[in-house]
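Take a look at the structure set out below.
Letters go in sequence order (proteins before strands), and every chain restarts at 1. It should be emphasised that the depicted structure is a prediction, and the values quoted were computed from it without experimental measurement.
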Amino acid sequence: MAGSQPRPGFEPAPPPRPGGIAARAAAARAMPAPTYLDNLNPEQREAIVTIDGPVLVLAGAGTGKTRVLTTRIAHILATGHARPSEILAVTFTNKAAREMKERIAHLIGERVEGMPWLGTFHAIGTKVLRRHAELVGLRSDFTILDTDDQLRLMKQIIQAEGIDEKRWPARQLASFIDTWKNRGLDPDNIPPLEAKAFGNGKGGDLYRAYQARLKTLNATDFGDLLLHVIKIWQRHPDVLADYQRRFRYILVDEYQDTNVAQYLWLRLLAMQTKNVCCVGDDDQSIYGWRGAEVDNILRFEHDFPGAKVIRLERNYRSTTHILAAASHLIAHNESRLGKTLFTEKNHDDAEKVAVASSWDSEEEARSISDEIERLQRDGHKLNEIAILVRASFQMREFEDRFVTLGLPYRVVGGPRFYERAEIRDALAYFRTTCQPADDLAFERIVNVPKRGLGDASLQQVHGLARARGVPLLAAAGLIVETEELKPKARSSLKGLVDSFTRWRAQLEHMPHTDLAGIILDESGYTEMWQNDRSAEAPGRLENLKELLRSMEDYESLPAFLEHVSLVMDTENDPSLDAVNVMTLHSAKGLEFDTVFLPGWEEGLFPHQRALDEGGRAGLEEERRLAYVGITRAKKRAQIWFASNRRIHGSWQTSIPSRFLDELPEPHVEVIESKSNYGGYGRSRFDQMEPFGSTYATPGWQRAQKLKAGGRTAGGYGSSSDDYAQDEYDRAPGEAQRGRFGDAAGGRGGGRGGFGEAGRGFDHDSYRTPARDRWGNPLREKKLGGVIEGSLVAKSVSTGAATYAVGERVFHQKFGIGSVIEVEGNKLTIDFDRAGRKRVLDSFVTRP
DNA sequence: GGTCTAGCCATTTTT
DNA sequence: TGGCTAGACC
């Protein structure tokens, strides 16, 4: 798990006696009766009890996947087949790992503490890599760069290669390299054609240069956490054998999301014992675009001959209608292993899956929030309601609406705590303190707060660092002893260098939380935000406090930094009752009583780009996304589409998603539009050109139906865009109304009018004005990048030339002069025009 | 070295 | 439409 400290050495497991008498006896004492096997269905039980040999568990949505995984672990432990430290359990997200830990703890008690190898691929990769870092030319205290650092590094490399940054943006290179790493390719074995596809054929070289830079920085990116480990295992069979022996049982969650690198990683480990259990659902593979290989799951039986495949199809989550809708839809996909979910519960009185339309996206937001208020009045918890969108821009209208209504909501996903500028700045200070060689961190904060250290000064430091082959901080330490920099820059840089020296000295002697506070205060960083008059400054200070608080859970600053680089998520406050707003992607694995699925329109869902770039495979992945969306619902699912949507600022007429017609009639109820605009397409309907008509046709039929029934309702004022009207609508005392059609008629019941508009508005707990989210995101400070091939670089001699007293030398800034004194690499020179100066030898040349 | 403005681009996201 | 970036300008 993340947060683990690098441990020196590798403790090999004592002689294993799987299922031995002693082991069983010990287990029997701790675990008198295996109650954990109660209340399981036959398939689940089989998936749990079949512990030897390869097993693939195809677990449909809501079939108890996590339960199987955790119980399986409990079973392995209880039967004495392995000890906690001999089980490797891999997940994709920290959240999943955390949940699994909790649930195992619940099952078997405290012994979960002894499961050191339960974690994400990356956390486990880090742990392995720290033990063997030297085998790939790193030190065990390497840093893990995040995407922001990577990008800056790539920018520097692109510049250094003299490539036009505009034509070849660093982002694109980052995505190339990411893709290569996902596929387990290092610079030496990328396909030549791909290597040439970037930067005038220099793609491969840039990748190589990037890796080289990482090594000198003693750093890795996320991909390396897997790749380096694969390399180590491939090149050092003895090391691999150690791990193969250690991990008697391997479990993998969300197997459909593994990429090639992760697959290779797993295969190396599992080769020996073959006790590998992969749990996944090919129908929920929605991460193909970031390298996930559905093939891994489709090929499992081929890769592990004799594998047992167990299907979990008994669904415990949703009603018959919801399951039928989802199943019918997903059956339109061709590449799948095939599963059919069913439920044994009787849902006679359950609601059918609702399909509704609106005139535009604004009305969609209004209608859905009306419906949510209705549910709330009927006693439903907001926490049990979710709005799942395809793309995050769709959230805005909902947020606006919720703010207007004072309806509590939370955005799940979104910008994360550790990605906020102030948090990253603070972390950069801590990183530089712990890791004086962390140039990227140093660069980030060298002029934050402003210290008058701009590009020009930084270039000097960079030039020297490169010439000497030392980190920036060290170079800064050297340069401030000279007169290279302007006096102002020099003294402020000296101040910073001295501070870091001081903080570093305190690292050992002071509680790390105290030190962190001192660093932020002494550096002037806290003060910078205190003096900032902008609206977000208080929030940022609060975030910094929160950062210091969260540090208390870790034993040292380095331990905390490791945690941060691997765990980028923050928990939402579940105690607050609020509507959940998120993308379909981030909804995977969650469930809610009621799910709203807005924006089912061609081009948005399925997304045009998925179709353009992915063809049929792209369409199928979109369909799986739809499947994921529907199966999140326990009791109620409502699908919406708007006839008009604003895209990139201009209004566009849209066609209902083809997925709508892939739903089964008997389980779907078409809901009348409440809008007095007339539901789908009164006027627009006739205007619509059959563009993309092959796709449009199916949706057409649905559109006709909706048109037929779409104009009836229209409560008063429901169509008003007018804010005042809106508030008026909210006056109490409106009569009962039917389920959907007249929801807008008045939001009377529960919430009053004006006075309560802000009720439950807790600024700390959920997002307030939508502006905050969209108008004020993480503005990063721009720091001077590295300038290669600049004037400075030219004036820097590469070797450490030595000069003799009396020798004539040339300095870029001060001109010609005579060496007066030589003290190591520091020269005192009488310049003909500039007078006597102390400079570093690498800044002068022989004329 | 900081601020202003024109031009570009615009799914999905974890580690 | 609007947010972000790079480069011009003060």
Side-chain angles (χ1 to χ4, degrees), chain A residues 2 90-97 119-126 144-147 150-151 155 165-166 169-171 175 178 181-182 220-226 254 257-259 261-262 286-292 388-396 412-416 418-419 447 450-458 486 488-489 562-569 582-589 599 603-614 618 621-622 624-625 628-629 645-652 771 773-785:
Chain A
V90 223
T91 64
F92 272 82
T93 62
N94 293 295
K95 194 174 158 218
T120 63
F121 275 102
H122 293 87
I124 291 168
T126 307
I144 302 163
L145 303 186
D146 61 29
T147 29
Q150 286 173 44
L151 222 50
K155 240 174 229 174
E165 263 186 284
K166 277 209 180 130
R171 268 174 204 292
S175 106
D178 194 48
K181 289 191 171 181
N182 283 340
T220 69
D221 61 17
F222 284 116
D224 285 345
L225 296 175
L226 297 173
E254 305 278 17
D257 288 340
T258 46
N259 59 35
Q262 286 153 343
I286 54 174
Y287 286 111
W289 50 273
R290 67 175 196 211
L388 311 182
V389 296
R390 173 65 244 265
S392 47
F393 76 84
Q394 292 173 263
M395 293 179 188
R396 185 182 188 153
V412 180
R416 281 165 294 173
Y418 291 113
E419 282 170 7
N447 200 29
K450 303 256 183 301
R451 299 187 173 90
L453 295 166
D455 267 355
S457 316
L458 260 196
K486 293 198 182 110
K488 216 178 121 202
E562 166 123 338
H563 158 81
V564 169
S565 55
L566 288 171
V567 185
M568 294 292 280
D569 61 354
M582 69 192 90
T583 63
L584 286 159
H585 281 92
S586 33
K588 197 171 75 156
L604 176 57
F605 193 38
H607 200 281
Q608 195 56 47
R609 262 180 94 161
L611 301 178
D612 292 346
E613 288 165 18
E621 185 154 312
E622 294 286 290
R624 291 194 290 268
L625 205 47
V628 167
R645 190 173 292 275
R646 194 157 51 185
I647 297 190
H648 308 328
S650 57
W651 285 95
Q652 286 184 3
R771 303 290 167 272
R773 176 179 162 73
W774 301 96
N776 166 33
L778 338 148
R779 174 159 304 196
E780 303 281 7
K781 310 275 161 335
K782 205 170 66 184
L783 289 175

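In this structure, A/R396 atom CZ and C/dG2 atom C1' are separated by 8 Å, rounded to whole Å. For A/L226 and B/dT15, the CG to C1' distance is 9 Å, given to the nearest whole Å. At whole-Å resolution of the value, CZ in A/R171 and C1' in C/dT5 are 10 Å apart. At whole-Å resolution of the value, CZ in A/R645 and P in C/dT1 are 18 Å apart. Rounding to whole angstrom units, CD1 of residue A/I647 and C1' of C/dG3 are separated by 18 Å. A straight line from CZ of A/F121 to P of B/dT15 spans 13 Å, rounded to a whole angstrom. A straight line from CZ of A/R290 to C1' of B/dT15 spans 9 Å, rounded to a whole angstrom. A/D221 places its CG atom 14 Å from the C1' atom of B/dT14, with the value rounded to the nearest Å.
A gap of 22 Å separates the P atoms of C/dG2 and B/dT13, to the nearest Å.
By the side-chain contact (heavy atoms from CB on, under 4.5 Å) test, A/A587 pairs with A/L388, A/M582, A/R632, sequence neighbours left out. Qualifying ring-ring contact (aromatic ring centres under 6.0 Å, His included) partners for A/F605, counting only residues two or more places apart in sequence or in other chains: A/W600, A/F659. Partners of A/K155 according to the salt bridge (Lys or Arg N to Asp or Glu O under 4.0 Å) rule, which considers only residues two or more places apart in sequence or in another chain, do not exist here. By the side-chain contact (heavy atoms from CB on, under 4.5 Å) test, A/R609 pairs with A/H607, A/E613, sequence neighbours left out. Residues satisfying the side-chain contact (heavy atoms from CB on, under 4.5 Å) criterion with A/N182, sequence neighbours excluded, are A/D178, A/N259.
For B/dT12, the base adopts the anti conformation, since its glycosidic angle falls more than 90 degrees from zero.
When all heavy atoms of A/D257 and A/A292 are compared, the pair lying nearest together is O-CB, 3.4 Å.
No engagement by A/G223 is indicated, since no non-hydrogen atom pair under 4.0 Å with the nucleic acid exists.
Here A/K155 reaches the OP1 or OP2 of C/dA6: one of its side-chain N or O atoms lies under 4.0 Å away. Under 4.0 angstrom from either OP1 or OP2 of B/dT15 there lies at least one side-chain N or O belonging to A/N94.
For A/T120, taking side-chain heavy atoms from C-beta onward, the closest of the listed nucleotides B/dT15, B/dT13, B/dG2 is B/dT15.
Side chains of A/Q608 and A/D612: a donor-acceptor N/O pair is present below 3.5 angstrom, by distance only.
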Any N/O pairs under 3.5 Å between the protein and nucleotides 6-12 of chain B? List them or say none.
| from | atom 1 | to | atom 2 | distance (Å) |
| --- | --- | --- | --- | --- |
| B/dT11 | O4' | A/H607 | NE2 | 3.4 |
| B/dT12 | OP1 | A/S392 | N | 2.8 |
| B/dT12 | OP1 | A/S392 | OG | 2.6 |
| B/dT12 | O4' | A/R390 | NH2 | 3.2 |
| B/dT12 | O2 | A/W289 | NE1 | 3.2 |
| B/dT12 | O2 | A/R390 | NH2 | 2.8 |

